[in-house]
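To start, the structure under review is shown below, and the notes come after it.
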Amino acid sequence: MKIKELFKTKKPVISFEIFPPKFDTPLETIYDSLKQFKDLNPDFISVTYGAGGSQKDRTIEISSKIKNEYDVESMAHLTCVGQSEEEIDLMLDSLQKNGIENILALRGDPPINQPDFDFSKGAFRYASELIRYIKSKSNFCIAAAAYVEGHVDCKRLKEDMAYLKKKVDEGVDFLITQLFFDNRLFYDFLDKAAALNINCPVTPGIMPIFKADQIKRITYLCGASIPAKLVIMMDKYENSPEDLRKAGIEYASTQIRDLIDNGVDGVHLLTMNRPKSSKEILQNVGLI
Ligand code: FAD
């Protein structure tokens, strides 16, 4: 099923994001978690694409398993940075053969420690070009990334919004946002998107805080800001990981409750492959 159809009939659409286990970890380690995620009855599960396509086979295999064995709709992330047209064609063919109908089409990040990375060596410079290409030769439902605080590389927020509009106009069916910790940023973003006639569903990405160092690393990379009350929370539970996990779950639950009260199209939970914590959050907000 194309996920865009879900947004026409359900509000909020609840989705999970998972990532493939690392190369040195057997793929099967994710399967037990998949069963637990299925039991939480999400509307769809998306599977990330390792930096530079490093885990592409695993992304396909897990997306296929979710859809064909666990009977949950799936979406494969796909990045184009450094990839040739032939490599993207192979991915699209493989996704199609596995019955996957939904793609989160992304540019992706350059390899770490390569500030002078030459984007022009790949066939597609920006996600908008990848989206146009996929649209021109297939019938996938296409999602794209949006950044409520602006993409980390952009010099001006206004330009980032204009590029987002361009991306949507190339044929995006819905948007998923980068994580954020202050819902006011999201509501402000929705206003700006509406002013630009970005009319597709926008589902907010929510990441519960489990570990302080992890969240600092992630926000450093993606440019999301951490509100002062979260900094205080992380300091308070610095030496008490289980208390921090509980506080992080409470914070994410409060965020999601407020988003639902404000009529969001969906909630995309960045699960960090943790079904137990995901269940606690859904229970807290009354979704199970
Ligand atoms: P784009 O939309 O191409 O934007 C990239 C930058 O270029 C922005 O600064 C934008 O303002 C600018 N720009 C866009 N168009 C133009 C133009 N025409 N001219 C000049 N500048 C322009 N990464 C992974 O590697 N794997 C994943 O699985 C993954 N999943 C993600 C899921 C979500 C929900 C999100 C929000 C991000 C994800 N990412 C993932 C990270 C993403 O790949 C990076 O943020 C990447 O740097 C940008 O990708 P994009 O598709 O947003 O790029």
Side-chain angles (χ1 to χ4, degrees), residues 3 13 15-20 22 44-56 58-60 62-63 74-83 88 91 95 102-112 114-115 117 119-120 122-134 142-180 185-186 189 192-193 196 198 200-207 217-224 265-273:
I3 292 167
V13 168
S15 52
F16 296 155
E17 181 171 304
I18 63 168
F19 52 83
K22 287 192 182 129
F44 71 92
I45 299 177
S46 80
V47 186
T48 64
Y49 199 73
S54 55
Q55 299 255 61
K56 57 178 129 185
R58 290 193 157 193
T59 301
I60 297 176
I62 297 168
S63 306
S74 69
M75 177 168 75
H77 297 205
L78 171 64
T79 69
C80 58
V81 63
Q83 309 253 313
I88 294 294
M91 274 301 292
L95 291 169
N102 307 286
I103 294 177
L104 176 57
L106 301 149
R107 183 197 70 177
D109 288 315
I112 295 169
Q114 282 193 35
F117 181 80
F119 280 96
S120 66
F124 309 96
R125 178 82 174 83
Y126 299 109
S128 54
E129 295 173 9
L130 175 66
I131 291 160
R132 188 187 317 144
Y133 184 71
I134 298 174
I142 303 176
Y147 301 85
V148 299
E149 298 180 71
H151 182 264
V152 67
D153 293 344
C154 82
K155 300 278 182 283
R156 287 172 187 260
L157 298 179
K158 213 170 169 181
E159 280 174 15
D160 200 45
M161 286 303 290
Y163 294 134
L164 178 66
K165 166 74 174 155
K166 183 173 159 55
K167 196 153 72 164
V168 171
D169 287 349
E170 292 293 356
V172 166
D173 295 301
F174 68 101
L175 293 168
I176 303 185
T177 75
Q178 185 58 275
L179 62 98
F180 58 91
L185 297 169
F186 179 71
F189 167 83
K192 286 184 197 148
L196 289 173
I198 294 176
C200 63
V202 183
T203 191
I206 300 297
M207 177 172 279
R217 186 170 38 82
I218 291 172
T219 51
Y220 169 74
L221 291 172
C222 77
D265 295 314
V267 174
H268 188 66
L269 190 61
L270 308 171
T271 67
M272 305 305 282
N273 292 4

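Read the numbers this way: they start at 1 and go in the same order the structure lists the ligands and their atoms.
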Write out the residue and atom name of the closest protein heavy atom to [atom], then the distance separating them to 0.1 Å.
| atom | result |
| --- | --- |
| atom 31 (C) of ligand 1 | Leu106 CD1, 3.8 Å |
| atom 30 (N) of ligand 1 | His77 ND1, 3.0 Å |
| atom 10 (C) of ligand 1 | Asp160 OD1, 3.3 Å |
| atom 17 (C) of ligand 1 | Tyr163 CE2, 3.2 Å |
| atom 35 (C) of ligand 1 | Ala145 CB, 3.7 Å |
| atom 47 (O) of ligand 1 | Asp109 OD1, 2.5 Å |

For the side chain of [X] and the backbone of [Y], is there at least one donor-acceptor N/O pair under 3.5 Å apart?
| X | Y | answer |
| --- | --- | --- |
| Asn273 | Ile18 | no |
| Asp160 | Cys154 | no |
| Lys167 | Ala145 | yes |

Identify the heavy atoms of Thr59 and His77 that sit nearest to each other, and give their distance.
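Taking Thr59 first and His77 second, the nearest heavy atoms are CG2-O, 3.9 Å.
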Nearest non-hydrogen partners of Leu175 and Cys200, listed with the distance:
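Between these two residues, the closest heavy atoms are CG-SG, 3.8 Å.
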Ring-plane angle category for Phe186 and Phe180, please: parallel below 30°, perpendicular beyond 60°, tilted otherwise.
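Ring orientation, 0 to 90° scale: parallel.
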At under 4.0 Å between heavy atoms, which part of [X] makes contact with ligand 1: side chain, backbone, both or neither?
| X | answer |
| --- | --- |
| Thr79 | side chain |
| Lys167 | side chain |
| Tyr147 | side chain |
| Val81 | neither |
| Tyr126 | both |

Enumerate the atoms of ligand 1 whose separation from the nearest heavy atom of [X] is less than 4.0 angstrom.
| X | answer |
| --- | --- |
| Ile176 | 34 (C) |
| Thr48 | 28 (O) |
| Leu104 | 32 (C) |

Assess whether side-chain contact (heavy atoms from CB on, under 4.5 Å) is satisfied between Thr219 and Leu179, documenting all intermediate values.
CA-CA 9 Å; Thr219 51; Leu179 62 98; 4.2 Å; yes
Going through the distances and angles, do Phe119 and Arg107 end up as a side-chain contact (heavy atoms from CB on, under 4.5 Å)?
CA-CA 10 Å; Phe119 280 96; Arg107 183 197 70 177; 3.7 Å; yes
Taking C-beta and beyond as the side chain, do Val202 and Thr177 meet within less than 4.5 Å on heavy atoms?
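Yes; the side chains approach each other to less than 4.5 Å.
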Side chains of Glu159 and Tyr163: does their closest heavy-atom pair fall under 4.5 Å?
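Glu159 reaches Tyr163 side chain to side chain.
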Is there at least one pair of N or O atoms, one from [X] and one from ligand 1, spaced under 3.5 Å apart?
| X | result |
| --- | --- |
| Arg107 | yes |
| Gln178 | no |
| His151 | yes |
| Asp153 | no |
| Ala127 | yes |
| Tyr49 | yes |

Tell me whether Gly108 reaches ligand 1 (any heavy atom closer than 4.0 angstrom to a ligand atom).
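Under 4.0 Å: yes for Gly108.
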Has Tyr220 got more than 12 heavy atoms of other residues, nucleotides or ligands less than 6.0 Å from its OH?
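No - once you tally the heavy atoms of other residues, nucleotides and ligands closer than 6.0 Å, there are 12 at most.
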Are any of the protein's heavy atoms under 4.0 angstrom from atom 50 (P) of ligand 1, yes or no?
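Yes, because at least one protein heavy atom sits under 4.0 Å from atom 50 (P) of ligand 1.
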Working to the nearest 0.5 Å, report the span between NZ of Lys56 and CG of Leu78.
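Going from NZ on Lys56 over to CG on Leu78, the span is 9.0 Å.
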Can you tell me if Ser15 and His268 form a side-chain donor-acceptor pair at under 3.5 Å?
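Distance-only check passes for Ser15 and His268.
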